[in-house]
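Small disclaimer: the values here were computed from a predicted structure and weren't measured. Reminder, nothing fancy here: chain letters follow the sequence lines and each chain counts from 1.
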Amino acid sequence: MEYNHKEIESRWQKFWKENETYKTREDTSRPKYYVLDMFPYPSGAGLHVGHPLGYIASDIFSRYKRQNGFNVLHPMGYDAYGLPAEQYAIQTGQHPCVTTEQNIARYREQLDKIGFSYDWSREVRTCDPAYYKWTQWAFMQMFNHWYDRAAGKARPISELVAAFAASGTEGIDAACGKDMTFTADEWNAMGEKRQREALMNYRIAYQGQTMVNWCPKLGTVLANDEVSEGISVRGGYPVEQRMMTQWCLRVSAYAQRLLDGLDTLGWTDSLKETQRNWIGRSEGAEMRFPVADSDIELEIFTTRADTVFGVTFMVLAPESKYVAMLTTPDRKLEVDRYLCEVSRKTERERQIDKKVSGVFTGSYAINPLTGKKIPVWVSDYVLAGYGTGAIMAVPAHDSRDYAFARHFDLPIVPLIEGADVSEESFDAKEGIMINSEGPELNLNGMTVKQAIAAAKSFIESKGLGRVKVNYRLRDAIFSRQRYWGEPFPVYYKEGTPYLMDESVLPLCLPEVPSYLPTEQGEPPLGRAAGWHTPAGCPIEKCTMPGFAGSSAYYLRYMDPHNDKALVGREADEYWQDVDLYIGGTEHATGHLIYSRFWNKFLYDLGLVVKDEPFRRLVNQGMIQGRSNFVYRIKDTNTFVSATLKDKYDTTPIHVDVNIVKADRLDLDAFRKWRPEYADAEFILDDGEYVCGYAVEKMSKSMFNVVNPDDIVERYGADTLRLYEMFLGPLEASKPWDTNGIDGVSRFLKKLWNYAEKALAPGAPEKASGPQLKAMHKLIKKVTADIEAFSFNTSVAAFMIALGELQSAGAPSREAIELFVRVLAPFAPHVSEEIWHRLGNDTTVTDAPWPAYDEKYLVENTVKYPVSFNGKVRFTIELPADTPREKVQELALAHESAARWLDGRQPKKVIVVPGRIVNVVI
RNA sequence: GCAGAAAUGGUGGAAUGGUAGACACGAAAGACUUAAAAUCUUUUGGGGCGGAAGCUCCGUGCGGGUUCGAGUCCCGCUUUCUGUACCA
């Protein structure tokens with residue numbers, strides 16, 4: 001019988017589904033193993049061949065672990081809230097729920113065809129009220145907690161309230177927006193509204209003022225990638241920088257723990273490094289500069305406390321509150337003009353435009369070390385969001401300050417011996433200090449390192465400031481002026497936000513007549529009728545961002561139907577954490593930070609047992625598209641083969657890769673592809689039209705999208721799975737190239753034919769010696785490869801092993817049985833079919849992973865060429881099972897070796913089984 | 001600018017410091033076939049020698065180094081990819 005992948009695959013997919021083969025139950029008698037894929041956003045375009053790459057790898061690993069006796073949790077779900085569904089809704093009026101539902105159905109159909117071993121009974125969708133109830137619930141917990149830096153963990157806000165009532169801010173070390181001090185009496189006298197305002201400064205989920213990209217025409221905040229050159233990508237309306245009240249999560253409170261936790265994780269160094277850079281810890285000092293003729297003190301942060309003697313001016317961020325306070329009346333017009341100019345620029349423009357700009361406020365500060373007056377300027381090269389929004393400028397040793405000083409002709413004082421600052425600043429932290437002597441502190445003669453330490457301790461001892469660690473990591477903006485997201489369980493009473501009662505959860509997303517913002521510029525929820533509490537208080541109209549729903553989904557899979565808790569204690573204690581997480585690097589500074597933060601918060605509350613959610617993480621590479629081109633001769637409808645195109649003046653045009661095979665264009669298909677090509681003429685090279693190619697992002701507009709369904713239809717899921725693994729190392733980015741798939745397809749056909757012979761009546765039961773040898777070699781190799789995530793070499797090993805079986809005597813049942821047991825994780829359908837035809841009534845996933853036996857792996861006799869210092873001297877022949885040490889001994893005992901060594905002791909003897917003995921003296 | 005990763009045939013890619021190029025694609029030749037497809041066999045890094053089995057030299061981005069021995073380890077470059085970017 002021919003290998004019929006369609007029949008085999010549909011039969012076993014049906015069988016697995018009907019028998020709930022991959023349904024997982026908590027089972028304390030077996031060790032657990034949790035394998036997780038990053039769940040997809042179900043887009044309207046469906047899956048392309050790049051998406052399943054990681055899923056196939058995780059499926060192989062899951063199946064392998066099952067065969068090794070682990071109770072494997074391998075779930076899948078959908079990150080279902082997202083912009084495309086909402087944009088589509090705005091254009092068509094179609095409820096995002098409907099399109100999302102359709103897209104999910106399509107994804108599921110595509111995933112099912114590939115034969116994954118997911119436990120679909122645990123599926124989660126972030127837009128499902130039974131799921132987002134727990135997203136809202138987590139937000140409420142964050143609202144009701146504050147971060148105690150002294151204890152290094154989150155604590156209930158009620159404890160903070162009690163502390164304030166008893167002794168004010170005295171003795172409280174809390175992560176907060178701005179430093180506040182008040183006494184118990186002051187607190188108690190505040191009244192509810194002001195107390196709530198004060199508490200907002202401490203809550204982990206809080207409302208705060210932040211700078212955002214605001215698009216007045218669209219009536220929404222936009223992310224940086226939704227804005228291009230000051231204009232919204234959708235609609236093309238101007239976008240401005242605006243300070244707005246937003247919900248935020250105090251992720252920054254966890255910066256140090258997020259940093260420290262990285263050391264315990266089995267992630268790649270590059271990913272950990274990316275997160276370290278993102279968190280951006282820098283040690284320095286915060287110090288105050290008094291303003292001349294005023295009570296105001298400017299606070300700055302610096303990592304170069306040693307350079308205070310070189311501070312010749314100060315700069316404020318345009319958004320700094322000190323700008324208004326320090327601008328003198330005569331400078332007001334110019335400062336206002338500058339602020340206006342800056343506010344019109346988007347964040348992006350500010351980054352691209354490196355032109356030096358700024359304006360003098362008219363005020364002076366006093367350098368606390370020299371007592372000299374220095375001017376205070378405003379410039380957009382200083383960021384409001386980092387440090388204190390003000391800097392001390394040291395033009396001699398900071399390139400940005402240098403450019404500014406040069407442009408506005410401000411003094412530059414070098415502080416390091418031998419540093420030539422006539423052309424550029426000297427930024428390196430090395431050298432001997434000069435020009436650094438004041439009335440109370442002398443740094444001259446010290447190295448930069450010593451000077452930093454000395455200056456820091458001086459600043460601290462004199463009360464000019466304090467040693468401080470700053471982090472680049474900022475709090476996450478948590479509100480979106482959007483419809484398609486989780487509503488906040490928050491209402492407003494006289495403008496003050498209050499949490500709703502937990503009993504309202506899930507607070508369901510209401511219907512709206514239109515998905516656009518309202519005329520008054522409110523988010524779409526402003527259109528929802530009855531969007532207020534029974535008492536008539538308005539409910540928050542923003543919704544939560546995409547990362548809200550994806551931050552704790554791995555916990556929900558552990559206990560997806562629990563309506564009493566996000567995850568039950570028992571389930572959490574059994575599954576603990578994700579042993580293996582597979583997904584793309586693009587989430588390094590988003591999801592993977594938020595999720596770790598979210599988990600640490602829940603850990604602080606004692607709700608989960610693990611501090612870190614993802615123990616081991618593997619990043620699969622991106623699969624790019626491989627686009628094909630045809631070359632049209634200018635102003636004609638004639639196309640010339642890529643091999644001859646240089647002789648003509650041509651324009652390259654993308655052509656659908658599905659009508660190109662091995663870079664040869666199917667001419668008839670091309671004429672049918674587009675009406676305008678119906679009468680296309682071709683200039684062929686040797687009867688063929690050769691297309692050009694390029695590696696680009698896989699996208700519809702490039703006509704290079706390859707659909708996994710088409711591959712499954714033509715070659716089968718097992719071939720797709722093997723081929724995706726065979727393409728190269730999992731972590732590497734590579735273009736999809738269907739050209740090589742025939743090799744894998746041939747392998748499965750040959751395997752099938754071999755199995756047919758082995759299963760035929762009269763075929764030997766027992767495997768021959770060489771067959772056993774081939775199989776045990778295979779088992780050893782594949783076991784090591786799976787553990788090391790080297791799936792491409794495993795596929796090669798299968799091919800080699802089959803070749804060896806074919807030249808090792810009559811096909812036997814024992815050989816094919818061993819073969820399918822190790823092939824099962826990679827090609828489950830064909831393995832299952834053969835496994836059952838061998839007479840087994842369990843699934844191949846229940847077949848224990850075979851152990852290899854070294855005794856099959858050795859030859860009977862082996863020739864060992866013995867070489868000294870690289871030159872082969874002689875050969876000895878020994879039984880193949882001679883241990884390594886024995887070979888060394890025998891080689892040395894050999895008469896000529898002994899003569900050659902002449903009684904000297906060898907430093908090192910190297911034995912490569914079957915190959916070389918190399919003796920180093 | 002900074003950080004990380006990588007560079008091996010026509011192509012994708014193999015190689016615990018020990019026979020570089022496994023495996024696969026593609027290509028070439030042959031078998032089967034009326035023919036094609038499919039399948040099977042052989043060859044396939046480059047140069048040189050040989051009628052042939054075979055022999056030989058050169059070869060892992062570039063320049064050095066360590067080592068009996070380097071694709072692999074160390075130092076210095078070049079290029080490419082990825083992330084991040086006025087972070088004081």
**Asked** What is the distance from CG of Asn277(A) to C1' of G1(B), rounded to the nearest Å?
**Response** 13 Å
**Asked** If the C1' atom of A20(B) is compared with that of U60(B), how far apart are they to the nearest Å?
**Response** 7 Å
**Message:** Between G65(B) and G54(B), how far apart are the two P atoms, rounded to whole Å?
**Reply:** 38 Å
**Prompt:** Now, which nucleotide makes the Watson-Crick or G-U wobble pair with A36(B), with each of the two distances under 3.5 Å?
**Reply:** none
**Request:** Once you apply the 3.5 Å cut-off to both distances, tell me the Watson-Crick or G-U wobble partner of A5(B), or none.
**Result:** U80(B)
**Request:** Would you classify Arg746(A) as touching base, sugar-phosphate or nothing, given that sugar-phosphate means primed atoms plus P, OP1 and OP2, and contacts are heavy atoms under 4.0 Å?
**Result:** sugar-phosphate
**Message:** Counting only side-chain nitrogens and oxygens, does Ser282(A) get under 4.0 Å of the OP1 or OP2 atom of A88(B)?
**Reply:** yes
**Prompt:** Rounded to whole angstrom units, what separation is found between the CE atom of Met799(A) and the P atom of G12(B)?
**Reply:** 17 Å
**Request:** Mind checking Lys750(A) for me? I need base, sugar-phosphate or nothing, with any heavy atom below 4.0 Å counting as a touch.
**Result:** sugar-phosphate
**Prompt:** On a whole-Å scale, what distance lies between the P atoms belonging to G76(B) and G21(B)?
**Reply:** 32 Å
**Asked** How long is the line joining CG of Leu727(A) and C1' of C23(B), in whole Å?
**Response** 13 Å
**Asked** Between Asp666(A) and Tyr689(A), do the side chains contain an N or O donor and an N or O acceptor separated by less than 3.5 Å?
**Response** no
**Message:** At 4.0 Å (heavy atoms only), tell me whether Pro729(A) reaches a base, stays on the sugar-phosphate, or touches nothing.
**Reply:** sugar-phosphate
**Item:** Nearest listed nucleotide, side chain of Ala796(A), among G13(B), A88(B), C23(B)
**Value:** C23(B)
**Request:** Could you tell me whether the phosphate oxygens of A14(B), OP1 or OP2, come under 4.0 Å of any side-chain nitrogen or oxygen in Asn792(A)?
**Result:** yes
**Item:** Whole-Å C1' distance, A28(B) and G9(B)
**Value:** 16 Å
**Prompt:** Base, sugar-phosphate, or nothing: which does Ile800(A) touch, judged by heavy atoms less than 4.0 Å apart?
**Reply:** sugar-phosphate
**Item:** Conformer about C1'-N of G9(B) - syn within 90° of 0, anti elsewhere
**Value:** syn
**Item:** Nucleotide A88(B), atom P - distance to CG of Asp380(A) in whole Å
**Value:** 18 Å
**Prompt:** According to the interplanar angle, ranging from 0 to 90°, do the rings of Tyr381(A) and Phe404(A) count as parallel (below 30°), tilted (30 to 60°) or perpendicular (above 60°)?
**Reply:** tilted
**Item:** Pairwise 5' ranking along RNA chain B for Leu271(A) and Glu586(A), keeping only the more 5' one
**Value:** Leu271(A)
**Message:** Nearest 0.5 Å, please: how far is CD in Glu286(A) from OG1 in Thr388(A)?
**Reply:** 6.5 Å
**Item:** Thr589(A) vs Glu273(A), nearer the 5' end of RNA chain B by closest nucleotide
**Value:** Glu273(A)
**Message:** Counting only Watson-Crick pairs (N1-N3 plus N6-O4 or O6-N4) and G-U wobbles (N1-O2, O6-N3), all under 3.5 Å, who is the partner of G12(B)?
**Reply:** C23(B)
**Message:** Distance check, C1' atoms only: G45(B) and U11(B), in whole angstrom units.
**Reply:** 13 Å
**Prompt:** Do Lys468(A) and Glu283(A) meet the salt-bridge criterion of a basic N to acidic O distance under 4.0 Å?
**Reply:** no
**Minimum-distance nucleotide (side-chain atoms of Trp278(A) versus A14(B), A88(B), U84(B))** = U84(B)
**Message:** Taking the cut-offs as 6.0 angstrom to the six-membered ring centre and 45 degrees off its axis, would you call Arg596(A) and Trp267(A) a cation-pi pair?
**Reply:** yes
**Message:** Regarding C87(B), can its base be found pairing with the side chain of Arg474(A) as donor and acceptor, where the two atoms are less than 3.5 Å apart?
**Reply:** yes
**Asked** So which nucleotide does C73(B) pair with, by the Watson-Crick or G-U wobble rule with both distances under 3.5 Å?
**Response** G65(B)
**C87(B) phosphate, OP1 or OP2, under 4.0 Å from Tyr471(A) side-chain N/O** = no
**Request:** Take atom C1' in C75(B) and the same atom in U66(B), then report the distance between them in whole Å.
**Result:** 11 Å
**Message:** Over all strands shown, is Asn739(A) touching base, sugar-phosphate only, or nothing at heavy-atom distances under 4.0 angstrom?
**Reply:** sugar-phosphate
**Message:** In whole Å, measure the gap between the P atoms of C23(B) and U16(B) for me.
**Reply:** 16 Å
**Message:** What I want to check is whether the side chains of Asn619(A) and Thr585(A) have a donor and an acceptor closer together than 3.5 Å.
**Reply:** no
**Asked** Tell me: NZ of Lys272(A) to P of U84(B), nearest whole Å?
**Response** 20 Å
**Prompt:** Rounded to the Å, how far apart are Ile741(A) CD1 and G26(B) P?
**Reply:** 12 Å
**Reference residue Pro318(A); test side chain to side chain contact (heavy atoms under 4.5 Å, CB included); the match among Val378(A), Leu383(A), Val359(A)** = Val378(A)
**Request:** If G50(B) has a Watson-Crick or G-U wobble mate with both distances under 3.5 Å, name it; if not, just say none.
**Result:** none
**Request:** Would you please name every residue forming a side chain to side chain contact (heavy atoms under 4.5 Å, CB included) with Pro411(A), sequence neighbours left out?
**Result:** Thr312(A)
**Item:** Value in whole Å for how far the C1' atom of U80(B) lies from CE of Met622(A)
**Value:** 16 Å
**Asked** Partner of G45(B) by Watson-Crick or G-U wobble geometry, both contacts under 3.5 Å, or none?
**Response** C58(B)
**Request:** Using the P atom as the reference point in each nucleotide, state the distance between G61(B) and A7(B) in Å, no decimals.
**Result:** 8 Å
**Prompt:** Nearest-Å distance, CZ (Phe726(A)) to C1' (G26(B))?
**Reply:** 13 Å
